[in-house]
Number of protein chains: 4
Amino acid sequence: MSNHPEEKTSFIAEARREQIMNGAIATLDEIGYAQSSLSQIAKRAGVSTALISYHFVDKSDLMNHLLMKLMERSATYIMDRVAQATTARQKLDTFIEASLAYQGTNPAHYIALLEIVFHARTPDNISYYRVEDDEDVIQHELQQILREGQATGEFSSFHVEVLASMIQGAVGEYMSSAAITRQVDLETYGQELIRMVRTITIRTEGIS
Amino acid sequence: MSNHPEEKTSFIAEARREQIMNGAIATLDEIGYAQSSLSQIAKRAGVSTALISYHFVDKSDLMNHLLMKLMERSATYIMDRVAQATTARQKLDTFIEASLAYQGTNPAHYIALLEIVFHARTPDNISYYRVEDDEDVIQHELQQILREGQATGEFSSFHVEVLASMIQGAVGEYMSSAAITRQVDLETYGQELIRMVRTITIRTEGIS
Amino acid sequence: MSNHPEEKTSFIAEARREQIMNGAIATLDEIGYAQSSLSQIAKRAGVSTALISYHFVDKSDLMNHLLMKLMERSATYIMDRVAQATTARQKLDTFIEASLAYQGTNPAHYIALLEIVFHARTPDNISYYRVEDDEDVIQHELQQILREGQATGEFSSFHVEVLASMIQGAVGEYMSSAAITRQVDLETYGQELIRMVRTITIRTEGIS
Amino acid sequence: MSNHPEEKTSFIAEARREQIMNGAIATLDEIGYAQSSLSQIAKRAGVSTALISYHFVDKSDLMNHLLMKLMERSATYIMDRVAQATTARQKLDTFIEASLAYQGTNPAHYIALLEIVFHARTPDNISYYRVEDDEDVIQHELQQILREGQATGEFSSFHVEVLASMIQGAVGEYMSSAAITRQVDLETYGQELIRMVRTITIRTEGIS
DNA sequence: CATGAATGAGCATTCATTCAT
DNA sequence: AATGAATGAATGCTCATTCAT
């Protein structure tokens, strides 16, 4: 009857894959990667374990797809906001603000992303966080902003890679450390971080 | 037979526990937390799995003891060096330098520590990195240094908790991100980081 | 719509059943009975697994139909050739020759037949090769030839069932044993076998 | 206490392995190879499935060990009896007799052997019965006897490999075909088989 | 007629743990 | 103090089968 049979089929399958991935996010958030068995994921997704095997080649296939999805979503969130800024300074502030805001927007997604990145392994048993990832668009974008600011003369001279790494570390630390999360609220943390980064990047008269 | 049965026992037992923990460190470093079964640990420690169960009440007990040991060792390494510095500025620089140096000193220990912190869970299924840890002496020491510098007037006015968190994040990021590890060597990273923190903490004329 | 719905249905259905059975033959030949899952068979038949369940009540039903088909094909091949011979001697020689030739004609069919006979089971868990099969027309035909030869005086006196069994065993052995297949070619094997059987069945003067 | 600690340990383990293999024999005999899951074997062996995995690397390791054991036992049974005969004729008769007798001695063992040989596969998915087996000592011994008889002049001229194959086929057929088993008893079958083989191998005056 | 979607049952295997020695 | 032996529970995964479409 339908004139779009393939699309309909594809749509159902895609909906199930989405449903399963959401179950996986909930599982990773609640009990962590090491405990996230297929049956735990299936329980939270409201499907049978066999259905996961039906829609994904194997467990690592599921985790890979989920990782991509989460990285993409996070990257999109940040990039969309950065794209609306014009000067390098605005972009940099927006980048930091958005990076932190994303964590607050959907903590479970962020936690799930952390759990996969820190726990999943390549077939060679190399941890993801030890793999150099050329596709880390976020890190690349941040370096791009810093270089642009230096090129236009907005920013002072500093080591781009190290500052980028420092910013990423500071942003990630907020969710990785329960202590700071409880002592400082997200907004304040963002403002203070932006101020500190500004101190480092600001152009002062008579300084190279 | 021995006239010091408890002590001798305790000594041998302690040696075995040490041996098992070293096996666990090697295992965590090589194959990661999720794959680190008791039998994998036993293999690397050169003992039977049953012996691990004999010396530790259960697997999480082993991981807890190992985590404490690794945190203590790391803390000692850093604190010992910081203790030799006199001014807050010297202490702060030394803290950053030592924190990074420790990662290079014994990468396997550092990786093992990361693996436990990011993967192990309390009985309530709360991830360690989400537990507020009053015993995080390192974080406490860093804040102490920053406050001391502000009190003596060496440092400018800044948000102590945020800067401490930023420094911790930047230090941790070096080992967590393969990209930066390959682009910048440890020494350069340390020097640049110190320079940036100095920019933030330095007292400028006419600024509150 | 059609005025011969059953027949048309029957025809298409029969074609599909044939297609599935050919897939089953290929599967049995390539990966053996134990590995021949419905999905493996479906893959080789170019249909979905569900279609197999639609055309056969269950897996054993498929195997039963296939077994019959293969036995029938094998019997026809042999019987057609034997029917053209006139004397018992000619029939016997032709029987042996044709039995061996069939193996060479379509090895995959013969392998598939062996795989089913030796691996499939009745619902009572009785192996096919332990089931007394009244419908084993080939065995029956062979015994018929031997008895006919004895009746006409062409053949000497011997134990019909044992010789029949011996011939069947010798014929089957050729494909079941890789050693003999590689040492002796099919034609030579057949010639020698015929010569030996002739020695046993030949009528000698003065011997009962 | 014991002065043979290793041997005692080894003895217990060996006893368990034996027990498990006997369970496997019973399972193969009762429900066939394709249905012989570890849990079915464990049930019949009176142990847990995990214990099978503890004593054997994996399922194929168990089957390989069992196959070797069964082949060895069968070979020993036959060879021991053949060794007591002196002339080639006596050896040949004894070989046939013993080969058949072994089937009657312990039918379950013989069935189990058949089930493995016809169902198990190498890692390359090649069926055992299609693998040329240099270690088939029984087949080798039979050919040896035939050649010896020809060398001493006891036997006539015939194709050794084909007759050996024929004998093996005839012997194997007795258990593989329910029809003959029910029609002719083992002893008669043996006697008739020996008589037929004698006709083929006997030396006649004036015949090459 | 044909299939994609879905599942409960079962698979081989590994797990942390206990226990007799 | 130390281990081999043993197991119940859980793992990821495949199976034959059903069903809505």
Side-chain angles (χ1 to χ4, degrees), chain A residues 1-2 5-6 8-10 12-13 15-17 34-42 47-62, chain B residues 5 8-13 15-17 34-42 47-62, chain C residues 8-9 11-13 15-16 35-42 46-62, chain D residues 1-2 5-6 8-10 12-13 15-17 35-42 47-62:
Chain A
M1 294 294 171
S2 168
E6 318 114 1
K8 191 180 177 186
T9 300
S10 194
I12 292 177
R16 274 291 170 279
R17 290 167 69 93
Q35 306 254 57
S36 292
S37 66
L38 289 192
S39 85
Q40 287 292 330
I41 293 170
V47 298
S48 66
T49 23
L51 192 66
I52 301 180
S53 294
Y54 177 73
H55 284 290
F56 295 93
V57 180
D58 59 10
K59 194 186 174 182
S60 79
D61 183 48
L62 163 60
Chain B
K8 189 182 179 184
T9 299
S10 201
F11 175 73
I12 293 178
R16 276 287 171 276
R17 291 165 69 94
Q35 307 252 57
S36 292
S37 65
L38 288 193
S39 85
Q40 286 292 330
I41 294 170
V47 300
S48 67
T49 40
L51 192 65
I52 300 180
S53 292
Y54 177 76
H55 282 292
F56 297 91
V57 293
D58 62 9
K59 195 186 174 182
S60 77
D61 183 47
L62 162 60
Chain C
K8 188 182 177 186
T9 298
F11 174 75
I12 293 178
R16 277 287 172 276
Q35 307 252 57
S36 292
S37 64
L38 288 193
S39 85
Q40 287 292 327
I41 293 169
V47 299
S48 67
T49 39
L51 193 64
I52 301 180
S53 292
Y54 177 77
H55 283 293
F56 298 92
V57 294
D58 61 10
K59 194 185 174 181
S60 77
D61 183 48
L62 162 61
Chain D
M1 295 292 172
S2 169
E6 315 114 2
K8 189 180 178 186
T9 298
S10 193
I12 292 178
R16 273 293 168 279
R17 289 166 69 93
Q35 306 254 57
S36 292
S37 65
L38 289 193
S39 85
Q40 287 293 328
I41 294 170
V47 298
S48 66
T49 23
L51 193 65
I52 301 181
S53 294
Y54 178 73
H55 282 291
F56 295 92
V57 179
D58 58 12
K59 194 185 174 183
S60 79
D61 183 49
L62 163 60

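Lettering of chains follows the sequences in order, A, B, ..., and the numbering in each one begins at 1.
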- Interatomic distance where CD1 belongs to A:I41 and C1' belongs to F:dT11 [whole Å]: 12 Å
- Task: Mind checking salt bridge (Lys or Arg N to Asp or Glu O under 4.0 Å) for A:R17 and listing every partner two or more places apart, or none if nothing turns up?
- Result: A:E14
- Query: Quick one: A:I52 CD1 to E:dA5 P, roughly how many Å, whole number?
  - Reply: 16 Å
- Task: Hey, which sits more toward the 5' end of DNA chain F by its nearest nucleotide, B:H55 or D:H55?
- Result: B:H55
- Query: Taking the side chain of C:L51 as heavy atoms from C-beta outward, which of E:dT3, F:dA2, F:dA1 is closest to it?
  - Reply: E:dT3
- Item | B:S37 side chain near E:dT14 phosphate (N/O to OP1/OP2, under 4.0 Å) | no
- Query: Are B:L62 and B:I41 side-chain neighbours, meaning at least one heavy-atom pair lies under 4.5 Å?
  - Reply: yes
- Task: Would you mind telling me which of F:dA2, E:dA12, E:dC1 lies closest to the side-chain atoms of C:I12?
- Result: E:dC1
- Using a heavy-atom cut-off of under 4.0 Å over every strand shown, decide if A:L38 touches base, sugar-phosphate, or nothing. sugar-phosphate
- Atom-pair distance (CG on A:L62; C1' on F:dC13), nearest Å: 14 Å
Side-chain polar contacts of residues 46-54 of chain C - donor-acceptor pairs under 3.5 angstrom, sequence neighbours left out - could you list them?
unit_1 : atom_1 : unit_2 : atom_2 : d
C:S48  : OG     : C:L51  : N      : 3.4

- Roughly, in whole Å, what's the span from NZ in D:K59 to C1' in E:dA12? 8 Å
- Item | Heavy-atom pair of closest approach, residues D:R16 and D:H55 | CB-NE2, 3.6 Å
- In terms of the nearest nucleotide of DNA chain E, which residue is placed more toward the 5' end: B:T49 or D:A50? D:A50
- Report yes if a side-chain nitrogen or oxygen of A:R16 is closer than 4.0 Å to either non-bridging phosphate oxygen (OP1 or OP2) of E:dA5; otherwise report no. no
- Task: Take B:S53 and D:S39, find for each the nucleotide of DNA chain E with the closest heavy atom, and name the residue whose nucleotide sits nearer the 5' end.
- Result: D:S39
- Item | Side chain of C:A13 - closest among E:dC1, F:dA2, F:dA16 | E:dC1
- Message: How many whole angstroms separate atom CZ of B:F56 from atom P of F:dA1?
- Response: 13 Å
- Item | Between P of F:dA1 and CZ of B:F11, the distance in whole Å | 13 Å
- Quick one: is E:dA6 close enough that its OP1 or OP2 comes under 4.0 Å of any side-chain N or O from A:Y54? no
- Between B:V47 and C:D58, name the one whose nearest nucleotide on DNA chain F is closer to the 5' end. B:V47
- What stems involve DNA chain F, if each pair must be Watson-Crick or G-U and both of its distances must be under 3.5 Å, with 3 or more such pairs in a row? E:2-21 with F:2-21
